[in-house]
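Below you'll find the structure, written out as structure tokens, and then a few comments.
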Amino acid sequence: AAWMLFLEILVVLIWWFGLNLADWKPNLRIKILLFVFTVTFYHSLRAVVDGNLIILETVLLIGTLLAIRDHKDEIAGILLTGLILEIQFTFVIAIVILWYLFANKRYQAIIYFFGLLILLSGFSFLLKPDWASQYFRQFWLSVSGFSFANFSSSLKTIWGSVGQRLGITCTILVSIIFIAEWVFARRKSLKYFLWFVFLAIIIIQWSGLPSGPENFILLVPGLFYVLKVINERWEMKGEVIVYFVCIILFGLT
């Protein structure tokens, strides 16, 4: 019960930090809408009920991006280390962030990331010398024994071999898009980098990489980012679209 309460508090922080990351100050109506949407969204509630660590991972991800934006590289490196807790779902995101830090010569964040990772690993060996073998054994059981609900596996379930081929085609296409955006992101601003991170999260869902409905809460910060652009570009019409998108997503899930 205490863990679930902690996760519920983190869900509220996802709403608050998500607005901060998007640098969005909407009116009170939209703030209330997004708050209600975030805390009652099916994928938020499911993760809380399951006691899923992905909620903490989402908070750490947003915190890392906020620290990078605000040039607090030490904090960024420390928070980025937390993404290894669910590495099977976040390794692509971690690689993207490390690549951005290296490309922009933010070496201090990288040093803090690997330094803390080595420190924690060494401390773990002292407490339990065989922890690494147990970790990788459990990691393999998690990846091989869990029925992932990504787009490719869903196509295979629905249409069999035809769906499997469609899934492979989809994976190839989104991989090409990902690589192209990766190249372009090097020459763009921080806002484009944030957009690229959110794109990477979506690509994980559309490709054959491990994923599941309980992990879709990772998409909430990116959703806020998109809704902010819509709201600021079309003002009152944009507000109506924001309401419409939230209602549709809430109803479909």
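For this chain, numbers begin at 1 and follow the sequence in order. In what follows, every heavy atom counts, from backbone to side chain, and hydrogens, waters and symmetry copies are set aside.
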Anything under 30° is parallel, anything over 60° is perpendicular, the rest tilted; go ahead and classify Phe6 against Trp3. tilted

Could you check if a side-chain atom of Leu223 sits within less than 4.5 angstrom of a side-chain atom of Leu249, using non-hydrogen atoms only? yes

Checking Arg106 side chain against Ile68 main chain: does a donor-acceptor pair fall under 3.5 Å? yes

With a 4.5 Å limit on heavy-atom distance, are the side chains of Val197 and Ile93 in contact? yes

Got Phe114 and Ile110 here, is their nearest side-chain heavy-atom distance under 4.5 Å? yes

Heavy-atom pair with the smallest gap, counting every atom of Pro221 and Ile62: CG-CD1, 3.5 Å

Please name the residue in the list Asn52, Asn215, Leu10, Thr90 that meets the side-chain contact (heavy atoms from CB on, under 4.5 Å) test with Glu57. Thr90

Tell me whether Ile32 shares a hydrophobic cluster with Phe244, the cluster being built from Ile, Leu, Val, Met, Phe, Trp, Tyr side chains joined at under 4.5 Å. no

Applied to residues 7-29, the salt bridge (Lys or Arg N to Asp or Glu O under 4.0 Å) test, sequence neighbours excluded, yields Arg29-Glu239

Should Leu218 and Leu21 be regarded as members of a common hydrophobic cluster, given that ILVMFWY residues are connected when their side-chain heavy atoms come within less than 4.5 Å of each other, either directly or indirectly? yes

Between the side chain of Tyr225 and the main-chain N/O of Lys191, is any donor-acceptor distance below 3.5 Å? yes

Should Trp195 and Val229 be counted in the same cluster of Ile, Leu, Val, Met, Phe, Trp and Tyr side chains packed under 4.5 Å apart? no

Classify the angle between the aromatic ring planes of Phe35 and Trp15 as parallel (below 30°), tilted (30 to 60°) or perpendicular (above 60°). perpendicular

If the test is side-chain contact (heavy atoms from CB on, under 4.5 Å), which one of Leu60, Leu190, Leu194 qualifies with Leu65? Leu194

Determine the interplanar angle of the Phe224 and Trp24 rings, folded into 0 to 90°, and report it as parallel if under 30°, tilted if 30 to 60°, perpendicular if over 60°. perpendicular

With a 4.5 Å cut-off on side-chain heavy atoms, are Phe41 and Val11 touching? no

Can you find a pair of side-chain heavy atoms, one from Phe123 and one from Leu120, that are under 4.5 Å apart? no

Applying salt bridge (Lys or Arg N to Asp or Glu O under 4.0 Å) to Arg46 and not counting sequence neighbours gives Asp50, Glu214

